[in-house]
J.: 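Starting off with a structure, shown below.
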Amino acid sequence: MDASVKASSTASALVVAAADKAGMEGIDRTQIDAIILRESGDSSFMKQQRKRDAVVNDRIAGMKRKLSERNDAMLDHGGGSWKIGIERELEPEVERLLRSRRSMSTNVVVDMDAFYMNCELLTRPDLADVPACVGRGMILTSNYCARRYGVRSAMAGWIGDRLVEELSGGKRRLVHLPSNFDLYTQKSHEVRNVLAEYDPKMRFHSLDECYMDIAPYLSLRVGKGLKHEHVREALRKEADGGIQRGRGDSKAAYIDLLKCIPPDTLLDASAAVVEEMRKEVEKVTGGLTCSAGLASNFMLAKIASDKNKPDGQCVIGPENENILSFIRDLPVRKIPGIGRVTEKILNSFQIMTVNDLFQQRSLIKYLFKPATATFLLQRSLGWSDSLPKLDDGASIEKSSTGQKGISKERTFRPGRSWSEIHLMIEDISQELSEAMKRKDLLAHTITLKVKLASFDVLCRSKSMAKGIYLQSAKDMLPIVAAMLSDLRKDHKGTFSVRLLGIRCSNLSHQNQLACRQPQIDTFLKSKEETTLSGTSNISIKGTGGAPGSVSKPIGEDKGGRVDGASSPRRKTCSNRSQNRHMSLTNGAENNMRIACPICSIPISGDNEELNQHVDACLKASSVQEVGSEESKASDIRKEKRRALASFFS
DNA sequence: ATACATACC
DNA sequence: TACTGGTATGTAT
């Protein structure tokens, strides 16, 4: 192992909780690192981290070997850098990335500040100025006071305790609050309600982070000069009826409208909208602040949302100069998707900043897998298309069900008896099955995850025969039980378990498997009632077997390890496509004549007339808002609108 | 298709 | 004493 690799085995290379986080800038990291390393000591967890770190070091060593071999080979051919050739190869891609920028910054990432913690502070304001965190064994989030001591999410609780104790000279101690997810979920919904007014198709990535495209909002608010209330109703209406209506066309119309506005003016107005939106979130939630980033893609918006945390925002214009000057000096770790490991690898090649990443593109192309190299090149130029696309026509409900897997896992003190462990997977299967029933999900693949006391993670997964899906705990249990005993059998060394988890993937929906011919379904059901027992509910996707053909029990297909599988019930179903094609709306819905967003009647005239019409229209369609205690807020909004209007005078 | 690693909040 | 839980995705075989 060479010296540069060894030297980088700092706390942050070993544990993610040691990395920088908003609110931790300008803190002396060396002391914090020293305490983390000392306290972590030789715990099983840290031993495991070092083991993984060693693997990363091997990877790095391999890459360095590959590099020096290449350099040696080139020297044999009379020197000259091989990098030039790769650079030339990459040139078209670089050009393409720089050319294919979006022309406007309408993507917003809203990120609640220290969300769980600040939810708690609403009822415990006394904790604002003392170091506090949510979570005990594992810290979920900490307040800004605790962050000054290096206490952050993903950190073990007792390490947080030591940090505060030592760095405050024994004067303070870290307060731990138990988590209260009901509260956070409720507060998150309050936030949703506000943000949905700006983009009904927004996507939440977690309780505290939301991705939005405010182009439609801006085009109505800024482009057409409508009031917030009108835009809100128009967007909501369109989202509600969105299934019947074409999407691409209205999207194009929004963009066309925005293109008529001078870019600087639009950007300023957009920033004002985001500001207003954030203040509204704070007001509605009773004081929860958030930060936001506004940019021409979600990666930039995400990074920007972190820039002026807390209670701040950052806007990046869509032009190359703005994008590149924003990202060039960022440490590579700021790029979403570059984590602890990738950072360490890059750093070991002296690639520290995003600009280094670009300058060293040939080296990266040579050392990494093509997909990774492309990913890194794109990010180094501030380009991204991998984060959620909002304009795919999916409603919020629909997009939230696009999930790829569902899982339950539980950590416990190692050393449980085998029978306790069996009880535990029974519980977990039951819970998972219930969650799947709630979400109407069926799974084709099931995975068992086991973490040993050593923190080694093992897993086994199994896919059903083609077209077979399961949901019930009764069906899962024999499969996971078999996988568990397999794991124990195959594993050399002590098999002391500290975590059990079950994951279901390759999902499908019950309704997608539903029988088209009810008479066959009922025929089968009546047959089952007389011939089969149990509540097992294996579904078969596709045209399936003939009604009379009885399938073999699930789990019997390979090796017959599972002997406890209950007899499955079969369902036939049709394979017909669920998605009917939407009728395309006429492309003539354009700018010369403006359609009222509420009633769709074309209106000619200026903004004032339009607003008046929309006002009347809203009243008529009984979507007006109740005035009483909202009148003050509405006044504030009016004031803000006046400020916003000044952009266009 | 399976096992395991990385990343994010 | 003591280091999560849920989800997605990449990589290697």
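All chains are named by letter (A, B, ...) in the order of the sequence lines, taking the proteins before the strands, and each is independently numbered beginning at 1.
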J.: Using a 4.0 Å heavy-atom cut-off, does Arg498(A) contact any base of the nucleic acid, only the sugar-phosphate backbone, or nothing at all?
T.: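 Sugar-phosphate, backbone atoms only, no base.
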
J.: Please tell me if Ser43(A) has a side-chain N or O lying less than 4.0 Å from either OP1 or OP2 of dC3(C).
T.: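 Answer is no, no contact under 4.0 Å.
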
J.: What is the separation between atom CZ on Phe455(A) and atom C1' on dT4(C), rounded to the nearest whole Å?
T.: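 Atom CZ in Phe455(A) sits about 10 Å away from atom C1' in dT4(C).
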
J.: Tell me the side-chain hydrogen bond (donor to acceptor under 3.5 Å, both in side chains) pairs involving residues 34-45 of chain A, sequence neighbours left out?
T.: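 Of all non-adjacent pairs touching residues 34-45 of chain A, those that pass side-chain hydrogen bond (donor to acceptor under 3.5 Å, both in side chains) are Arg38(A)-Glu166(A).
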
J.: What interatomic distance, in whole Å, is found between C1' of dA7(B) and the corresponding atom of dT4(C)?
T.: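 One C1' to the other, the span is 15 Å.
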
J.: How does protein reach along nucleotides 8-13 of chain C, written 5' to 3' as B (base within reach of a heavy atom under 4.0 Å), S (only sugar-phosphate), or - (no contact)?
T.: SS-SS-

J.: Taking only the side-chain nitrogens and oxygens of Arg136(A), find out if one of them lies under 4.0 Å from OP1 or OP2 of dA2(C).
T.: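 No.
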
J.: Do the numbers put Arg70(A) on top of the ring of Tyr366(A), so that NZ or CZ is under 6.0 Å from the six-membered ring centre and no more than 45° off the axis?
T.: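 Positive - Arg70(A) is close enough to the ring of Tyr366(A) and near enough to its axis.
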
J.: Can you figure out which of dA1(B), dT4(C), dA2(C) approaches the side chain of Trp158(A) most closely?
T.: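 Nearest to the side chain of Trp158(A) among the choices is dA2(C).
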
J.: Does Arg152(A) reach a base, just sugar-phosphate, or nothing at all? Heavy atoms under 4.0 Å.
T.: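 It contacts nothing in the nucleic acid.
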
J.: Under 4.0 Å between a side-chain N/O of Ser40(A) and OP1 or OP2 of dC3(C), yes or no?
T.: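 So the side-chain polar atoms of Ser40(A) never come under 4.0 Å of the phosphate oxygens OP1 or OP2 of dC3(C).
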
J.: To the side chain of Ser463(A), which of dG6(C), dA1(B), dT4(C) is closest?
T.: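 Of dG6(C), dA1(B), dT4(C), dA1(B) is nearest to the side chain of Ser463(A).
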
J.: Between Lys408(A) and Arg413(A), which residue's closest nucleotide on DNA chain C lies nearer the 5′ terminus?
T.: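 The residue mapped nearer the 5' terminus is Arg413(A).
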
J.: Generate the contact string for nucleotides 3-9 of chain B. Rules: B means base contact, S means sugar-phosphate contact only, - means no protein heavy atom under 4.0 Å.
T.: SB-SSSS

